[in-house]
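See structure below.
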Amino acid sequence: MEYGFWSLVPPLAAIVLAIRTKQVYLSLMTGIWLGWMIISGWNPLTGTLATIQSLVDVFQDPGNTRTIMFSALVGALIVFIQRSGGVEGFILYLNHRLAHYQGKNNRVMVQLIAALTGIVVFVESSISVLTVGTLFRPVFDKLKISREKLAYLADSSSAPICILIPLNAWGAFIMGLLLTQGYDQPFGMMVQSMAFNFYPILAIALVFFIILSGRDFGAMKKAEARTQAGQIMWPDSRPMISDEITSVAPKEGITPRARNMIIPILAMVVMMPVMLAYTGWEGAEGTGLSRVFSAIGQGSGSTSVLVSVIFAIIVSMVLYLAQGFFKMVEMVDLTMKGIAGLMPLALLMLMAFAIVAVCKDLGTGLYVAEITRQWLSPGLVPFVLFLTSCFIAFSTGTSWGTFGIMIAIGIPMAQALGANEVMVIAAVLGGGVFGDHCSPISDTTIIASMASASDHIDHVRTQLPYALTVGTISALIYLVIGIL
């Protein structure tokens, strides 16, 4: 059934309500309920029952279930590294290493290290965001750098770098889509498109410009001024992670050591490509190192992030038992405390998956794509596809879903109109990353808020002006190239 304009109402209602009211749970539920009301012909009983069933159906997808479990288990890891004195030790270590820097330079160096950490961990966007947020949140608090800035740095160095370095699940997914369009060498097409993938390139460039120049603008400037005045969050803000987790003190008598934080986090980061290779090995091609890279590209991202965080928890347990910090009963209690503290995040992920599902049933992405394909000239195809992909990804909160829709539409359109296919691929990918980067219903954006202990809507509000700036510049570049 065609729902036309009505297919836009649920995601837009959820986004507008969330930004205006800061009640993200209520906003998402409203969007989900509106979607099922539309599908059920505005029958309140049928629509409400379908809404409840849609939340249950989220768990039918193993990938969704693994991601929700990952979101909850992260809390256990965070509690462990704080209770063991690892966080305090890491702060002392950084303070020692940065002792010869003063004032502003100290703040700049920490932000640079945080951004570079996110770029280095390019194997999976969720692990990248989680690593940066977990490692640097206490340091940012100590240096009076806003949590919104940390969320921005983590978010802007995850999805943008994952799309530019295709040796991960992102690259495998896109290459699979390109194969369905008849390309015999999809990896080569991806590499060629990188030079024209302006949004992620400029997003990363803006990160370093903001850090080095200190020229924040929009809501981020206000957040930085607030934090430097000694107020970590706005009075009406609610962090995405409970105070019971962020305020866990080291156990009495424990000497703070950075290794008690770094080793578990490093174990999680290292396990990620290992699990990607393991889960993708059977379908991999080639021999030796080429097969390893092929397997990493085809591996299951949701399985890998879940196993990685579980492995990190086990490593931390063994590490702390060996040092005599905790007994097993105490560690089980800490695990339960950590999971309980991140139940709000798991619930938010559940709702985010549910609204993505109802948007798919309504055909939101397909509707937006269809209304733009009738009036294009060849030169303007990349420009319009970029804008369309941005809107779809922002409205649905999924970059991969946008890739699936827009590559299937954009490439045949480019071939029919004689447009540059490489640039079309780049425009679609860049537009999809825009939504993953700043949509309030994107899982990566949600995890960035959680990892930095920021209010989710505060993160969206402060990051959106930066994303829109880069998106506007990228669109203008596509437009100028199209005209010339």
query: How far apart are the C-alpha atoms of I473 and F198, what are their side-chain angles, what is the distance that settles it, and do they pass the side chain to side chain contact (heavy atoms under 4.5 Å, CB included) test?
result: CA-CA 9 Å; I473 295 172; F198 302 120; over 6 Å; no
field: Donor-acceptor pair, side chain of S449 and main chain of T445, under 3.5 angstrom
entry: yes
- request: Count the heavy atoms of every other residue, nucleotide or ligand shown that sit under 6.0 Å from NZ of K251, and state whether that count exceeds 12.
  value: yes
Under 3.5 Å: donor-acceptor pair, side chain of S158, backbone of V129: no
statement: When rounded to the nearest 0.5 Å, the distance separating OG1 of T117 from CG of L112 is 10.5 Å
- request: For N64, check side-chain contact (heavy atoms from CB on, under 4.5 Å) against everything at least two apart and list the hits.
  value: V58, D61, F353
query: Does F208 CZ have over 12 foreign heavy atoms under 6.0 Å away?
result: yes
- request: Answer yes or no: is there a side-chain heavy-atom contact under 4.5 Å between I355 and V358?
  value: yes
message: Could you check whether any side-chain heavy atom of F140 comes within less than 4.5 Å of a side-chain heavy atom of I232, counting everything from C-beta outward?
response: no
message: If you define the side chain from C-beta out and look only at heavy atoms, does anything of I210 sit under 4.5 Å from K149?
response: yes
task: Begin from the C-alpha positions of F136 and V110 and carry the test side chain to side chain contact (heavy atoms under 4.5 Å, CB included) through to its verdict.
output: CA-CA 8 Å; F136 290 95; V110 167; 4.2 Å; yes
- prompt: What orientation do H456 and H459 show, parallel under 30°, tilted 30 to 60°, or perpendicular over 60°?
  reply: tilted
message: Would you compute the distance between atom CD of Q111 and atom CD1 of I145 and round it to the nearest 0.5 angstrom?
response: 4.5 Å
field: From CE (M268) to CD1 (I263), nearest 0.5 Å
entry: 14.0 Å
- prompt: Hey, mind stepping through H437 and Y466 against side chain to side chain contact (heavy atoms under 4.5 Å, CB included) and telling me if it holds?
  reply: CA-CA 10 Å; H437 188 193; Y466 294 164; over 6 Å; no
- prompt: In terms of ring plane angle, is the pair F434 and F394 parallel, tilted or perpendicular, where the classes change at 30° and 60°?
  reply: tilted
- prompt: Are Q228 and R107 side-chain neighbours, meaning at least one heavy-atom pair lies under 4.5 Å?
  reply: yes
message: I want to check something: taking the side chain as every heavy atom from C-beta on, are Q323 and N260 in contact at a cut-off of under 4.5 Å?
response: yes
- request: Taking all non-hydrogen atoms of both residues into account, name the closest pair between P200 and P160 and its distance.
  value: CB-O, 3.5 Å
query: Within a strict 4.5 Å, meaning less than it, do heavy atoms of the L347 and Y25 side chains meet?
result: yes
- request: Nearest 0.5 Å please: distance from the OG atom of S237 over to the CD1 atom of I457.
  value: 10.5 Å
query: Of all heavy-atom pairs between L130 and T134, which one has the smallest distance, and what is that distance?
result: O-OG1, 2.8 Å
- request: Might you point out which heavy atoms bring I204 and S156 nearest each other, and give the distance in Å?
  value: CG1-O, 3.8 Å
message: So which atom in L150 and which in R137 form the shortest heavy-atom distance, rounded to 0.1 Å?
response: CD2-CA, 3.4 Å
task: Compare every heavy atom of S316 with every heavy atom of P264, then report the nearest pair and how far apart it is.
output: CG-CB, 3.8 Å
query: Where do M220 and E148 come nearest, in terms of heavy atoms and distance?
result: CE-O, 3.6 Å
- prompt: Going from CD1 on I392 to CZ on F403, what distance comes out if it is rounded to the nearest 0.5 angstrom?
  reply: 11.5 Å
task: Could you walk me through whether L334 and Q82 pass the side chain to side chain contact (heavy atoms under 4.5 Å, CB included) test, one step at a time?
output: CA-CA 11 Å; L334 288 174; Q82 290 190 100; over 6 Å; no
task: Using a 4.5 Å cut-off on heavy atoms from C-beta on, say whether the side chain of L26 contacts that of L17.
output: no
message: Looking at Q231, is its backbone amide N or carbonyl O close enough to the side chain of R226 to form a donor-acceptor pair, meaning the two atoms are under 3.5 Å apart?
response: yes
task: Working to the nearest 0.5 Å, report the span between CD of Q53 and CH2 of W36.
output: 9.0 Å
field: Check: R291 side chain, W281 main-chain N or O, donor-acceptor pair, under 3.5 Å
entry: yes
message: Strictly distance-based, threshold 3.5 Å: is any side-chain N or O of S399 a donor or acceptor partner for the main-chain N or O of V433?
response: no
field: Contact check, side chains of T303 and F70, non-hydrogen atoms, under 4.5 Å
entry: no
